[in-house]
2 protein chains.
Amino acid sequence: MEKKPNVDPSFPKEFRSTCPIACVLDILGDKWTLLVIRDLFLNKHRYGEFTESPEGIPTNILADRLRRLEAAGIIRKVLYQSNPPRAEYYLTSKGADLGRVLGAMRKWAERHVPGVMSPETFPQPEIRD
Amino acid sequence: MEKKPNVDPSFPKEFRSTCPIACVLDILGDKWTLLVIRDLFLNKHRYGEFTESPEGIPTNILADRLRRLEAAGIIRKVLYQSNPPRAEYYLTSKGADLGRVLGAMRKWAERHVPGVMSPETFPQPEIRD
DNA sequence: CAGTATCCATTTTGATACTG
DNA sequence: CAGTATCAAAATGGATACTG
């Protein structure tokens, strides 16, 4: 992981390095983002469903993370009613590709964190590109 | 991911829920921890090697993360000299099992984050239990 | 219900200096 | 080199109130 200046001028300057792990962390590496994605894998799609998850995400954080994930192309906001505007959130295929990351995390936890309660296997999430 | 009260009294109260994803995030879910683990996979073992990584982890953060990872049984501190005391850090087998998580993150980044520069495949890390 | 906004406390961080 | 200590700044978090 030596310092190699990146040649790609479109490479986001807010990324700390070009290391794939570091890039993923710059996109998803906080306390809440992957939990929102987990919920999408559990086929939750509405704001209220996310807030009901047992971890209790604060609404301001949720709104922020939904915005960022959409900006990153990982989820898509789909209006299902225009007045008042109501939306549902879906994984894109880019987002659905995080399934292996979540799966690896789940397996590690099942093996190494006593007391975890896994959901039935993650269902195939519904994708909307 | 419904609210199920955990029966295991030894289950850490600081964990937000018994969801495996949430548990992993409570252990590793910040901006720096997985980068330290990545470095260990790249067979870096000494303090100075971690600080040389391109992301530039501050020394106070590094010291804190090494302490926490050791407390979590993910790494082990091995003294290689006693005066002055000098240590090297190694993955335990519990830590080495995070290889699949890192691997999944790397693959996702390679596919979806233009401009990432992957290292040669992660070598088999040296394990010390 | 689906958000937005606000306010404040706590945490995290970055930078730097210091010690043996 | 391998850390520890300090401190200000920034990010994040939690609680709650508010709107259509």
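Residue numbering restarts at 1 for every chain, and letters A, B, ... go by the order of the sequence lines. We use all heavy atoms of the structure for the numbers below, so side chains are in, but hydrogens, waters and symmetry mates are not.
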To the nearest Å, give me how far apart CD (B:Glu88) and C1' (D:dG3) are. 15 Å

Among C:dA2, D:dT4, C:dT13, the one nearest any side-chain atom of B:Asp30 is C:dT13

Are A:Arg16 and A:Asp26 within salt-bridge range, i.e. N to O under 4.0 Å? yes

A:Glu55 CD - D:dT12 P separation (whole Å): 19 Å

Presence of A:Tyr80 side-chain N/O under 4.0 Å of C:dA2 phosphate oxygens OP1/OP2: yes

How many whole angstroms separate atom CD of B:Glu52 from atom P of D:dG3? 14 Å

Which nucleotide in D:dT4, C:dG3, D:dA2 has an atom nearest any side-chain atom of A:Lys77: C:dG3

Separation of D:dG3 P from B:Gln81 CD (nearest whole Å): 11 Å

Sidechain N-carboxylate O distance under 4.0 Å for A:Lys31, B:Asp30: no

D:dG20 - base-pair partner by Watson-Crick or wobble geometry, distances under 3.5 Å: C:dC1

So does B:Arg86 reach the base of D:dC1 with its side chain, donor to acceptor, closer than 3.5 Å? yes

Hey, does A:Asn60 reach any base, or is it just sugar-phosphate, or nothing, if we go heavy atoms under 4.0 Å? base

Selection from C:dG3, D:dT4, C:dT12 that lies nearest to any side-chain heavy atom of B:Arg67: D:dT4

For C:dT12 and B:Trp32 - does any side-chain N or O of the residue sit under 4.0 Å from the phosphate oxygens OP1/OP2? no

Would you mind checking if B:Arg76 and B:Glu88 are paired as a salt bridge, meaning a charged N to carboxylate O distance below 4.0 Å? no

Electrostatic pair B:Glu126:B:Arg128 at N-O distance under 4.0 angstrom: yes

Taking atom P of C:dG3 as reference, at what distance in whole Å does atom CG of A:Leu66 sit? 8 Å

Is A:Tyr90 reachable from A:Phe41 through a run of I, L, V, M, F, W or Y residues, each pair having side-chain heavy atoms under 4.5 Å apart? no

Find out whether B:Pro125 and B:Leu40 are in side-chain contact, i.e. whether some heavy atom of one side chain is under 4.5 Å from a heavy atom of the other. no

Can you see if the side chain of B:Lys31 gets near the phosphate of D:dT12 - specifically, an N or O under 4.0 Å from OP1 or OP2? no

In this structure, how many angstroms lie between the C1' atom of C:dA2 and the CZ atom of A:Arg65, rounded? 19 Å

A:Ile61 atom CD1 is separated from C:dA5 atom P, nearest whole Å, by 15 Å

With sugar-phosphate meaning primed atoms plus P, OP1 and OP2, does B:Phe50 contact a base, only sugar-phosphate, or nothing at under 4.0 Å between heavy atoms? nothing

Under 4.0 angstrom between A:Tyr89 side-chain N/O and C:dG3 OP1 or OP2: yes

Rounded to whole Å, how long is the line connecting atom CG of A:Leu62 with atom C1' of D:dT16? 16 Å

Pick base, sugar-phosphate or nothing for A:Arg16, based on heavy-atom distances below 4.0 Å to the nucleic acid. nothing

Could you check A:Thr59 against B:Thr59 and say which one's nearest nucleotide on DNA chain C is further toward the 5' end? A:Thr59

